[in-house]
Q: 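Quick one: the structure is below, questions incoming.
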Amino acid sequence: MSTVRRAAVVLAAVSALALTACGPTDDEAGSGSGGATASPTKSATPSAPSAPSKRSATSKPAKPTDPDFDVFPCSTFDVKFTATLAEPTTSSYLLKITNKGTKACRALGHPVVTFGDLDGQATERGTAPGIEDAIRLDPGESAYAGLMGGANDGKGKTVGSIEMTMNTESDLEQAPLKASTPGLYVSPDKNSVTAWVDNAEDALSL
């Protein structure tokens, strides 16, 4: 074979290789006539499970707004009792109670006073506040009432002591508190006792 013919064969082979290298890739062939290849849709990333909601703490029962909601009437078990002569001509005595307990209590209405071995009890003098307005006695605090036996009219009797129980507006059994009252003259028509008040002056002037 001549040198010219060999060169022609080599040139033809090189041309064929060049055409093969410039041909479409597999991806381009699969795309058809110039259409874009759709990429596969990515699956949505699963959201993290929401944390369980915390249970709200059980609310405590609301406390009553009235600070005196648990203040009960004073009884003879809650107080100390004294009687002091204030005016001899009218046999007037100042009665005093003092809360000896550890909790507050209310001094309701009038004290219930009996005279020694005489029948009956002292007549209530004046009006008393309702239970909501009754005197509150914190531990160590006192309330007062004025007891009057009455002037000697020849109809009564002198006694040396009295006994007192508290008005509790209930059927609570109480032990009477006793106080010495030497020379207390008790008139059946003129004896009387005031309601509990918060000072001695008012107790003796009502």
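These numbers come from a predicted model, not from an experiment. Worth knowing before you read on, the calculation uses all heavy atoms, side chains too, and leaves out hydrogens, waters and symmetry mates.
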Q: Sequence neighbours left out, what pairs pass disulfide bond (SG atoms under 2.5 Å apart) with at least one residue falling in residues 132-206?
A: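 Applying disulfide bond (SG atoms under 2.5 Å apart) to every pair that reaches into residues 132-206, excluding sequence neighbours, yields nothing.
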Q: Should Ile162 and Thr114 count as side-chain neighbours, where that means a heavy-atom distance under 4.5 Å?
A: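 No, side chains not in contact.
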Q: Taking only residues two or more places apart in sequence, or in another chain, which ones meet Asp138 in a salt bridge (charged side-chain N to carboxylate O under 4.0 Å, His left out)?
A: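 With neighbours one apart ignored, the set is Arg136.
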Q: Atom NZ of Lys178 and atom CZ of Phe81: how far apart are they, to the nearest 0.5 Å?
A: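 These two atoms lie 12.0 Å from each other.
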Q: Which heavy atom of Pro111 sits nearest to which heavy atom of Val193, and what is that distance?
A: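 Of all heavy-atom pairs spanning Pro111 and Val193, the closest is CG-CG2, 3.6 Å.
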Q: Applying side-chain contact (heavy atoms from CB on, under 4.5 Å), name anything that partners Pro182, two or more places apart in sequence or on another chain.
A: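 Scan of Pro182 (side-chain contact (heavy atoms from CB on, under 4.5 Å), adjacent residues dropped) gives Tyr93, Ser180.
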Q: Salt bridge (charged side-chain N to carboxylate O under 4.0 Å, His left out) with Asp133: which residues, sequence neighbours excluded?
A: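 For Asp133, no residue satisfies salt bridge (charged side-chain N to carboxylate O under 4.0 Å, His left out) once neighbours in sequence are set aside.
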Q: How long is the straight-line distance from OG1 of Thr158 back to CG of Leu118, given to the nearest 0.5 Å?
A: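 Nearest 0.5 Å value for the CG-OG1 distance: 9.5 Å.
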Q: Can you see which heavy atom on Ser170 is nearest to which on Thr168, and at what distance?
A: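 Taking Ser170 first and Thr168 second, the nearest heavy atoms are OG-OG1, 2.8 Å.
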Q: For residues Met164 and Phe77: do they belong to one hydrophobic cluster (side chain heavy atoms under 4.5 Å, members Ile, Leu, Val, Met, Phe, Trp, Tyr)?
A: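 No, Met164 does not connect to Phe77 through the hydrophobic network.
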Q: Would the distance check show the side chain of His110 and the main-chain N or O of Arg125 forming a donor-acceptor pair, the cut-off being under 3.5 Å?
A: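 Yes: the side chain of His110 pairs with the backbone of Arg125.
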Q: Can you see which heavy atom on Ser91 is nearest to which on Gly183, and at what distance?
A: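 Ser91 and Gly183 have their closest heavy atoms at OG-O, 4.0 Å.
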Q: Test of understanding: with side-chain contact (heavy atoms from CB on, under 4.5 Å), list the residues that count as partners of Ala86, not counting sequence neighbours.
A: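 For Ala86, the residues satisfying side-chain contact (heavy atoms from CB on, under 4.5 Å) (neighbours in sequence not counted) are Leu204.
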Q: Could you name each residue pair satisfying salt bridge (charged side-chain N to carboxylate O under 4.0 Å, His left out) that touches residues 164-173, not counting sequence neighbours?
A: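 Not a single pair qualifies under salt bridge (charged side-chain N to carboxylate O under 4.0 Å, His left out).
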Q: Return the CG to OG1 distance between Asn191 and Thr90, rounded to the nearest 0.5 Å.
A: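 With rounding to 0.5 Å, CG (Asn191) is 12.0 Å from OG1 (Thr90).
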Q: Write down the atom of Leu94, the atom of Ala203, and the distance for their closest heavy-atom approach.
A: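 Looks like CD1-CB, 3.9 Å.
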Q: Just checking Lys100: does its NZ atom have more than 12 heavy atoms from other residues, nucleotides or ligands closer to it than 6.0 angstrom?
A: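 Check passes, neighbour count above 12.
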Q: Among residues two or more places apart or on two chains, list those pairs meeting side chain to side chain donor-acceptor pair (under 3.5 Å) that have a residue in residues 194-204.
A: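 Sorted result for residues 194-204: Asn199-Asp202.
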Q: Please collect all disulfide bond (SG atoms under 2.5 Å apart) contacts where either partner lies in residues 78-116, sequence neighbours excluded, each pair once.
A: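 Non-adjacent pairs meeting disulfide bond (SG atoms under 2.5 Å apart): Cys74-Cys105.
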Q: Taking salt bridge (charged side-chain N to carboxylate O under 4.0 Å, His left out) as the test, write out the residues that go with Lys155, two or more places apart.
A: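 So Lys155 forms a salt bridge (charged side-chain N to carboxylate O under 4.0 Å, His left out) with Asp189.
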Q: Kindly state each residue pair satisfying disulfide bond (SG atoms under 2.5 Å apart) with at least one member in residues 174-206, sequence neighbours excluded.
A: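 Counting only pairs at least two positions apart or across chains, no disulfide bond (SG atoms under 2.5 Å apart) contact touches residues 174-206.
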Q: State, with a plain yes or no, whether a side-chain heavy atom of Leu177 is found less than 4.5 Å away from one of Thr165.
A: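 Of all side-chain heavy-atom pairs linking Thr165 with Leu177, none is under 4.5 Å.
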Q: Check whether the side chains of Ser161 and Thr181 place a donor and an acceptor atom closer than 3.5 Å, and report yes or no.
A: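 Judged by distance alone, the side chains do not pair up.
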Q: Tell me the closest heavy-atom pair linking Gly156 and Tyr185, and the distance in Å.
A: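 So the two residues come closest at N-OH, 2.6 Å.
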Q: Is it possible for you to say whether Leu95 and Leu108 belong to one hydrophobic cluster, with membership spreading through side-chain heavy-atom contacts below 4.5 Å?
A: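 Looking at the clustering, Leu108 is in a separate group from Leu95.
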Q: For Thr89, is there any backbone N or O sitting under 3.5 Å from a side-chain donor or acceptor partner on Glu87?
A: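 Checked: pair present.
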Q: Please give me the minimum heavy-atom distance between Gly109 and Ala128, naming the atom from each residue.
A: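 Nearest heavy atoms, Gly109 then Ala128: CA-CB, 3.6 Å.
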Q: Any sub-3.5 Å donor-acceptor pair from Asn99's side-chain atoms to Leu137's backbone N or O?
A: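 Yes.
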Q: List in chain and number order the residues that pass side-chain contact (heavy atoms from CB on, under 4.5 Å) with Lys190, two or more places apart in sequence or in another chain; answer none if no residue qualifies.
A: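 Asp153, Ser187.
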Q: Tell me whether Arg106 contacts the main-chain N or O of Phe72 through its side chain, where contact means a donor paired with an acceptor under 3.5 Å.
A: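 Side chain of Arg106 to backbone of Phe72: no pair is present.
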Q: Do you reckon Tyr144 sits in the same ILVMFWY cluster as Met148, going by side-chain contacts under 4.5 Å, direct or chained?
A: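 Shared cluster, no.
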Q: Does Lys157 have any salt bridge (charged side-chain N to carboxylate O under 4.0 Å, His left out) partners at least two apart in sequence or in another chain, and if so, which?
A: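 Once residues adjacent in sequence are excluded, the partners of Lys157 under the salt bridge (charged side-chain N to carboxylate O under 4.0 Å, His left out) criterion are Asp117.
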Q: Any chance you could measure Thr82, atom OG1, to Ile97, atom CD1, to the nearest 0.5 Å?
A: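 If we round to the nearest 0.5 Å, Thr82:OG1 and Ile97:CD1 are 10.0 Å apart.
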Q: Looking at Val113, is its backbone amide N or carbonyl O close enough to the side chain of Glu163 to form a donor-acceptor pair, meaning the two atoms are under 3.5 Å apart?
A: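 Flag not set: sc Glu163 to bb Val113 has no pair under 3.5 Å.
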Q: Is Leu85 reachable from Leu184 through a run of hydrophobic residues whose side-chain heavy atoms are each under 4.5 Å from the next?
A: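 Yes, it is one cluster - the side chains of Leu184 and Leu85 are joined through contacts under 4.5 Å.
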